[in-house]
Amino acid sequence: MGMLCAVSFNRYGRLYYLDPGGLQIAVGDRVLVPTDDGTEVAECVWAPQWVSEDTDGFPKVAGLADDADLRRDDLLRRRKAEAKVAAKRLIREHQLPMKVVAVDHVIESGGTGTGGSRTTIYFTAPHRVDFRSLVRDLGATLHCRVELRQLSARDSARVQGGIGSCGRDLCCATFLTDFEPVTIRMAKDQDLPLNPLRISGACGRLMCCLKYEHPLYQQFQATAPAVGTRVSTPEGDGRVVAHSVPRDAVVVRMDADGSRCSCSRASVCGPRQQHDERYAD
């Protein structure tokens with residue numbers, strides 16, 4: 001048990017959870033976060049709170065950002081904006097089928113923002129692209145070492161962010177850390193329409209949220225009577241015609257009058273009925 005706070009490097013961006021380390025941090029404070037390229041400035045979006053999980057493995061906040069850190073962060077953001085504009089212009093000049101998705105810039109220890117810096121440009125393209133001449137022109141324009149990295153469709157959506165069909169921020173851009181495999185079988189098991197426009201996310205791939213409820217559907221199908229099975233319900237005998245997994249119920253067409261009723265899965269399962277008959281008295 002310990003305390004955790006959440007920070008974000010960009011407005012509405014991915015949340016990162018850190019141990020405040022005894023610092024008094026409020027929402028909106030700018031803090032220093034340790035990264036592979038040194039400490040970077042982030043904004044606190046969730047004040048420190050006690051959590052039941054073990055917090056030993058979480059990184060600690062390096063401290064509160066001072067004026068020098070904020071000036072360095074402003075310089076970093078300006079360099080990113082300049083690199084993005086330059087990259088788009090040179091891509092048009094070289095007539096390459098590339099789309100700039102994001103730019104990352106690392107400032108050297110001196111903090112001047114020029115010699116020794118590294119700019120990484122993330123892009124998407126329909127196929128592999130020969131960008132060797134582009135890298136040379138970018139290096140001459142930005143006066144730093146330049147790296148270009150091609151992103152997949154899912155990684156592009158994670159970096160850019162957006163709003164999903166549910167109306168919320170994309171899962172991959174907020175809390176998902178790894179992409180788990182999603183298959184069309186999951187959509188079939190959940191009786192979803194196999195329309196790519198209905199089951200695809202912003203990246204054009206199958207929605208990651210298909211994975212969330214799939215174990216629930218698997219458990220339901222393993223214990224509930226299959227469609228077409230005759231069952232006995234509190235309302236009488238009938239035949240199962242549909243499943244309602246979110247409500248943990250089955251739809252039964254009654255033999256008496258042909259009407260349909262929704263019964264809980266437990267009320268029509270054999271083991272539950274045997275239990276009720278045995279201990280009814």
Side-chain angles (χ1 to χ4, degrees), residues 2-51 53 55-88 100-123 138-139 141-149 151 155-163 169-178:
M3 297 191 73
L4 287 179
C5 64
V7 303
S8 176
F9 293 98
N10 300 297
R11 183 63 59 90
Y12 307 119
R14 176 186 294 274
L15 298 181
Y16 296 87
Y17 297 92
L18 296 94
D19 183 350
L23 295 174
Q24 299 296 324
I25 304 174
V27 174
D29 287 348
R30 310 294 291 275
V31 299
L32 297 177
V33 178
T35 68
D36 294 338
D37 298 313
T39 57
E40 295 188 18
V41 177
E43 181 180 354
C44 178
V45 296
W46 179 34
Q49 295 183 12
W50 288 102
V51 295
E53 292 81 4
T55 60
D56 291 339
F58 288 86
K60 289 188 177 182
V61 176
L64 295 174
D66 56 20
D67 292 340
D69 296 321
L70 296 179
R71 287 194 299 269
R72 186 174 183 273
D73 185 60
D74 290 339
L75 174 61
L76 185 67
R77 294 180 185 276
R78 287 199 302 270
R79 293 287 292 172
K80 288 181 180 179
E82 293 170 358
K84 190 171 187 178
V85 172
K88 289 183 176 181
V100 177
V101 175
V103 176
D104 190 18
H105 184 76
V106 178
I107 300 177
E108 79 291 352
S109 304
T112 60
T114 55
S117 300
R118 183 182 76 252
T119 297
T120 304
I121 298 175
Y122 301 92
F123 71 94
L138 281 171
T141 302
L142 300 176
H143 306 290
C144 66
R145 183 160 60 92
V146 177
E147 296 179 2
L148 270 72
R149 297 182 182 178
L151 298 179
D155 287 328
S156 176
R158 166 188 282 181
V159 171
Q160 295 183 94
I163 303 298
D169 293 331
L170 297 180
C171 299
C172 59
T174 50
F175 65 88
L176 282 184
T177 56
D178 296 310

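The analysis underlying the following values was restricted to heavy atoms, covering all of them including side chains, and did not include hydrogens, waters or symmetry mates. Remember, it's a predicted structure, so these values are computed and weren't measured experimentally.
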For [X] and [Y], work out which heavy atoms get closest and say how close.
X	Y	value
P59	P34	CB-CG, 4.4 Å
S8	V45	CB-CG1, 4.3 Å
I163	L170	C-CD2, 3.9 Å
F9	T35	CZ-CG2, 4.3 Å
M3	P20	O-CD, 3.3 Å
C44	V7	CA-CG1, 4.0 Å

Inset, instruction - Give a yes or no answer on whether the side chain of R79 reaches the backbone of L142 with a donor-acceptor pair at less than 3.5 Å. - result: yes

Can you measure from [atom1] ([X]) to [atom2] ([Y]) and round to the nearest 0.5 angstrom?
X	Y	atom1	atom2	answer
R149	D155	CZ	CG	11.5 Å
T120	E147	OG1	CD	4.5 Å
E82	T141	CD	OG1	11.5 Å

Legend entry - Test: D67 and R71 ion pair at under 4.0 Å: no

Inset, instruction - Quickly, which of D74, D73, D69 forms a salt bridge (Lys or Arg N to Asp or Glu O under 4.0 Å) with R30? Name it, please. - result: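 Only one option passes, and that is D73.
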
Legend entry - side chain to side chain contact (heavy atoms under 4.5 Å, CB included) between L18 and F58, intermediate numbers included: CA-CA 6 Å; L18 296 94; F58 288 86; 5.9 Å; no

Side chain to side chain, [X] and [Y], heavy atoms closer than 4.5 Å:
X	Y	value
R145	T119	no
R77	N10	yes
L32	V41	yes
Y17	V51	no
R78	L75	yes

Inset, instruction - Carefully, step by step, assess L138 and L148 under the rule side chain to side chain contact (heavy atoms under 4.5 Å, CB included). - result: CA-CA 10 Å; L138 281 171; L148 270 72; 3.9 Å; yes

Inset, instruction - Take D29 and E43 through the test side chain to side chain contact (heavy atoms under 4.5 Å, CB included) and record every step on the way to the result. - result: CA-CA 6 Å; D29 287 348; E43 181 180 354; over 6 Å; no

Legend entry - Greater than 12 external heavy atoms within 6.0 Å of Q49's CD: yes

